[in-house]
Amino acid sequence: MPELPDVEHTRKNLERWMRGARFARVATTDSRIVRPKKPRTFVNELTGRTVERVERRGKWLRLTLDDGRRLFIHLGMTGWFEHDETAPRFERVRFELDRRGERSSVVYVDSRRWGRMIPATEDIETWKGLGPDPLADSVDVERLAARLSRRKGRTIKEALMDQTILAGVGNVLSTEALWKAKIDPRSRASAVSTSDLRAIARGLRWSIARTLAHHAKGDEGGRNPFRIYGRKGERCPRCGAELEQVTLGGRTTVFCPGCQVRRSPSR
DNA sequence: ATTATTGTTGGTAG
DNA sequence: TCTACCAACAATAA
């Protein structure tokens, strides 16, 4: 479930469930998710610690602990957290919490095990290398344009999904934002203007807000909540043309050939 | 049975 | 060092 709005939803949950609570017991045997540490080391380092802060940048979460250490968490493709569940399928890491004598549990569930949990004494390189977060930070369009101009061979869609350029944008968000901005995803990154980038930034905020609202309604597992993602062959909700699909950077990309205009390099 | 999946990463080549 | 490409990771759903 993992792009910026989904991870933000997770952050809010973890904040409610964990902040101010102590890890009374931590249990895992998974040496894939809990990297680069061994599960035993992971358990030893976290047990007894209290969670002071739960923050997010892009698709990464950072828990700050009372000894100054941090726990970095990435949900991969299929990771999420459950609260007070006995034994969910694909349980990978279990945290038993104590907040002034009140007990509860938080379980990390991840069928494909692409997620990561990384305890560290300082911020990890990946976290430090993340670009601006389009929800939390104001996006500097000029600076973005300067970086994109150097990505000669890449499409704007691929560039938006590069976590060092913008943090938290994945396949859904980039697809939706480019539709909102009326820009063809196959346009070269170096060909989009600063006003295009402003439109993209607006499109990102628009899509993030919609998905957050969707989560707030508790609507998981319902119909496809997106405007064009996953809707190849349907009508464009804006102009009525038939939505098409291409592959960019190995990812399925839906777009509207009617109202998403291709930017060409000015040269 | 076949294909696709809301994501990263490590290797390779240029 | 930077950029681009691709296989790999693993389980499920259509």
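When reading the values below, keep in mind they use all heavy atoms of this one structure, side chains included, and skip hydrogens, waters and symmetry mates.
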Could you tell me how far apart [X] ([atom1]) and [N] ([atom2]) are, to the nearest whole angstrom?
X      : N     : atom1 : atom2 : value
A:W127 : B:dT9 : CH2   : C1'   : 19 Å
A:L75  : B:dT8 : CG    : C1'   : 13 Å
A:R154 : C:dC2 : CZ    : P     : 15 Å
A:L148 : C:dC2 : CG    : C1'   : 15 Å
A:M77  : C:dA8 : CE    : P     : 16 Å
A:E125 : B:dT8 : CD    : C1'   : 17 Å
A:L160 : B:dG7 : CG    : C1'   : 16 Å
A:E3   : B:dT5 : CD    : P     : 13 Å

### nucleotides 9-14 of chain C: protein proximity per nucleotide (B base, S sugar-phosphate only, - neither; heavy atom, under 4.0 Å)
BBBS--
### Consecutive-pair stems (3 or more, Watson-Crick or G-U, under 3.5 Å) for DNA chain B
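DNA chain B forms these stems: B:2-5 with C:11-14, B:7-14 with C:2-9.
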Give a yes or no on whether the backbone of [Y] and the side-chain of [X] come within a donor-acceptor separation of less than 3.5 Å.
X      : Y      : value
A:E234 : A:L243 : no
A:E176 : A:I228 : yes
A:E158 : A:T155 : yes

#### Entry: DNA chain B contacts among residues 161-172 of chain A, heavy-atom distance under 4.0 Å
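When residues 161-172 of chain A is checked for heavy atoms under 4.0 Å from DNA chain B, the hits, listed by number, are A:Q163, A:G170, A:N171, A:V172.
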### Query
In residues 242-257 of chain A, which residues come under 4.0 Å of DNA chain B by heavy atom?
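A:R251, A:T252, in order of number.
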### Task
Flag this pair as yes if the NZ/CZ of A:R57 is under 6.0 angstrom from the six-membered ring centre of A:W60 and inside a 45 degree cone about the axis; otherwise no.
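Output no; distance or angle outside limits.
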### Query
After noting the C-alpha distance and the side-chain angles of A:F81 and A:F95, does the key distance pass the side-chain contact (heavy atoms from CB on, under 4.5 Å) rule?
CA-CA 10 Å; A:F81 286 92; A:F95 300 94; 4.3 Å; yes
### Message
Once rounded to the nearest 0.5 Å, what's the spacing between atom CZ of A:R238 and atom NZ of A:K182?
### Response
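The CZ atom of A:R238 sits 5.0 Å away from the NZ atom of A:K182.
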### Single-linkage hydrophobic cluster, 4.5 Å side-chain cutoff, A:V106 and A:I33 together
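Result: yes, single cluster for both.
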### Message
Pair A:D123, A:K128 - check salt bridge (Lys or Arg N to Asp or Glu O under 4.0 Å), show working.
### Response
CA-CA 7 Å; A:D123 286 345; A:K128 289 193 284 190; over 6 Å; no
#### Entry: salt bridge (charged side-chain N to carboxylate O under 4.0 Å, His left out) partners of A:R11, counting only residues at least two apart
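So A:R11 forms a salt bridge (charged side-chain N to carboxylate O under 4.0 Å, His left out) with A:E8, A:E15.
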### Task
Check whether any side-chain N or O of A:H74 sits under 4.0 Å from OP1 or OP2 of B:dT8, and answer yes or no.
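Looking at the OP1 and OP2 atoms of B:dT8, one of them is under 4.0 Å from a side-chain N or O of A:H74.
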### Message
Suppose we call two aromatic rings close when their centres sit under 6.0 Å apart. Are A:W179 and A:F255 close by that rule?
### Response
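They do not qualify: ring centres at least 6.0 Å apart.
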#### Entry: Apart from A:I156 itself, residues in the same hydrophobic cluster as defined by side-chain heavy atoms under 4.5 Å
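Besides A:I156, the cluster holds A:L4, A:L135, A:V139, A:V141, A:L144, A:L148, A:L160, A:I165, A:L166, A:V169, A:L173, A:L178, A:I183, A:V192, A:L197, A:I200, A:L204, A:I208, A:L212.
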### Query
Starting at the 5' end of DNA chain B and moving along, which residue's nearest nucleotide shows up first, A:F226 or A:R116?
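Final value for this comparison: A:F226.
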### Message
From C-beta outward on A:R151, which listed nucleotide comes closest to its side chain: C:dA4, B:dT6, C:dC5?
### Response
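My answer, after comparing the listed nucleotides, is C:dA4.
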### Task
Report, as yes or no, whether the 6.0 Å neighbourhood of atom CZ on A:R262 holds more than 12 heavy atoms from other residues, nucleotides or ligands.
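Correct, the count exceeds 12.
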### Query
Taking atom C1' in both B:dT6 and C:dA4, what distance in whole Å separates the two?
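Comparing C1' positions in B:dT6 and C:dA4 gives a spacing of 23 Å.
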### Task
Could you walk me through whether A:V93 and A:V107 pass the side-chain contact (heavy atoms from CB on, under 4.5 Å) test, one step at a time?
CA-CA 6 Å; A:V93 184; A:V107 175; over 6 Å; no
### Query
Between A:D66 and A:R49, is a salt bridge (Lys or Arg N to Asp or Glu O under 4.0 Å) present by the stated rule, with each step listed?
CA-CA 6 Å; A:D66 59 350; A:R49 301 275 60 82; 2.7 Å; yes
